[in-house]
2 protein chains.
Amino acid sequence: MRIGEAAKASGVSAKMIRHYEAVGLLPAAARRDSGYRDYGDSDVHALRFIRRARDLGFSLAEIAGLLALWRDKARASAEVKRLALAHVEALERKARDLSAMASTLRHLAAHCHGDARPDCPILEGLAGGGG
Amino acid sequence: MRIGEAAKASGVSAKMIRHYEAVGLLPAAARRDSGYRDYGDSDVHALRFIRRARDLGFSLAEIAGLLALWRDKARASAEVKRLALAHVEALERKARDLSAMASTLRHLAAHCHGDARPDCPILEGLAGGGG
DNA sequence: CTTGACCTTCCAATGATGGGAATCCCCATC
DNA sequence: GATGGGGATTCCCATCATTGGAAGGTCAAG
């Protein structure tokens with residue numbers, strides 16, 4: 001199939017498929033006489049793998065590692081688990097950081113009367129507060 | 001003071017101070033005869049404002065809006081509160097998304113025995129699992 | 001033989017930050 | 001007054017993932 005169909009079947013845009021090939025995440029696709037890229041089911045499978053991993057917040061570098069493990073039938077699951085759990089911790093850390101930001105800001109907002117007066121603890125907090 | 005001192009006093013790197021000026025977040029700084037930028041206490045104050053807002057996850061575009069409100073003595077606090085609460089919701093949404101990713105991945109990892117066997121539900125989940 | 005959908009490559013922008021080069025200014029010391 | 005060094009200037013490039021567009025080639029249907 002051509003790149004457009006592969007894109008539709010995998011949920012990865014044609015633009016990104018070419019990009020992933022360019023940065024070495026995917027091997028160079030087979031070409032027809034016309035020069036068009038030609039994909040098979042296994043390629044779509046790999047693309048879906050990439051898409052799911054992206055949805056889970058893995059970076060392309062991490063995905064390259066996961067793909068190598070995925071394609072290596074002899075690899076140990078321990079390595080995969082290690083990568084996955086390290087990523088889980090990074091995700092949870094980021095989530096905590098964002099929550100902390102949100103609650104700080106919500107706290108500032110709670111003390112802002114939010115009417116026509118110019119008095120605003122939010123701006124004061126940003127301007128002068130500690131931290 | 002020169003840019004290096006202003007950087008130290010505000011916690012914003014000299015590189016970023018120039019960048020903020022270049023993208024219009026800050027007005028062009030005063031210059032000495034030598035061409036060096038010259039900063040006063042109020043400039044440092046503004047830089048600290050920016051830094052705090054960045055720490056709270058505001059984008060530079062959002063900060064531009066907050067700065068305008070901050071400098072406008074007559075503005076209503078309602079507008080500031082509206083911006084702040086909208087940002088709080090965006091932060092909380094992102095935090096929830098990351099938490100969801102983490103728990104999905106943690107769930108997959110929990111079913112991976114993590115030993116020398118190649119069997120791995122994490123990779124299977126990435127390769128074939130539902131959306 | 002034209003139309004239109006699809007494909008190709010290449011270049012550039014996004015947003016925030018950082019690295020580094022080449023050059024210049026300022027100040028202290030000899 | 002020459003020199004050395006630290007700080008300043010501008011400019012270009014890199015990151016990371018993705019998207020947009022331009023200029024052109026290919027293919028199937030009318």
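Naming convention: chains lettered A, B, ... in sequence-line order (proteins, then strands); numbering from 1 in each chain. Every value quoted in this text rests on a predicted model; they were computed, and no experiment measured them.
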If you take all heavy atoms of B/Leu105 and A/Ala84, which pair is closest and at what distance?
CD2-O, 3.7 Å

C/dA12 P sits how many Å from A/Lys15 NZ, rounded?
14 Å

Quick note, A/Tyr36 side chain, CB onward, closest among D/dT19, D/dT26, D/dT18 is D/dT26

Interatomic distance where CG belongs to A/Leu25 and C1' belongs to D/dA17 [whole Å]
12 Å

Between B/Arg2 and A/Ala14, just flag the one whose closest nucleotide in DNA chain C comes earlier from the 5' side.
A/Ala14

Value in whole Å for how far the C1' atom of C/dG15 lies from CD of B/Glu62
12 Å

Under 4.0 Å from OP1 or OP2 of D/dA8: is there any side-chain N or O of B/Arg32 that close?
no

Specify the residue among A/Ser34 and A/Phe58 whose closest nucleotide of DNA chain D lies further upstream toward the 5′ end.
A/Phe58

Integer-rounded Å distance: C/dT9 P and A/Ile17 CD1:
13 Å

Are A/Tyr36 and A/Met1 connected, step by step, through hydrophobic side chains (Ile, Leu, Val, Met, Phe, Trp, Tyr) whose heavy atoms are closer than 4.5 Å?
no

Looking at C/dT8, I'd like to know if its phosphate oxygens (OP1 or OP2) sit under 4.0 Å from a side-chain N or O belonging to A/Arg37.
yes

Does a side-chain N or O from B/Ser59 land closer than 4.0 Å to OP1 or OP2 of C/dG15, or not?
no

Can you tell me the distance, in whole Å, between the CD1 atom of B/Ile50 and the P atom of C/dT17?
10 Å

For B/Arg18 and C/dT17, is the shortest distance between a side-chain N/O and OP1 or OP2 below 4.0 Å?
no

Among C/dC6, D/dT18, C/dT17, which nucleotide sits nearest the side chain of B/His19?
C/dT17

Aromatic plane relationship, A/Trp70 with A/His45 - under 30° parallel, 30 to 60° tilted, over 60° perpendicular:
perpendicular

Any base atoms under 4.0 Å from A/Arg31, or only sugar-phosphate, or nothing? Heavy atoms, all strands.
sugar-phosphate

Please tell me which of the listed nucleotides, C/dG18, D/dT9, D/dA17, lies nearest to the side chain of B/Met16?
C/dG18

Can you find a heavy atom in the side chain of B/Arg106 that is under 4.5 Å from one in the side chain of A/Leu85?
yes

Salt bridge A/Asp55-A/Arg51, side-chain N to carboxylate O under 4.0 Å:
yes

Looking at every strand, decide which applies to B/Tyr20 at a 4.0 Å heavy-atom threshold: base, sugar-phosphate, or nothing.
sugar-phosphate

Taking OP1 and OP2 of C/dG18, is either one under 4.0 Å from a side-chain nitrogen or oxygen of B/Ser13?
yes

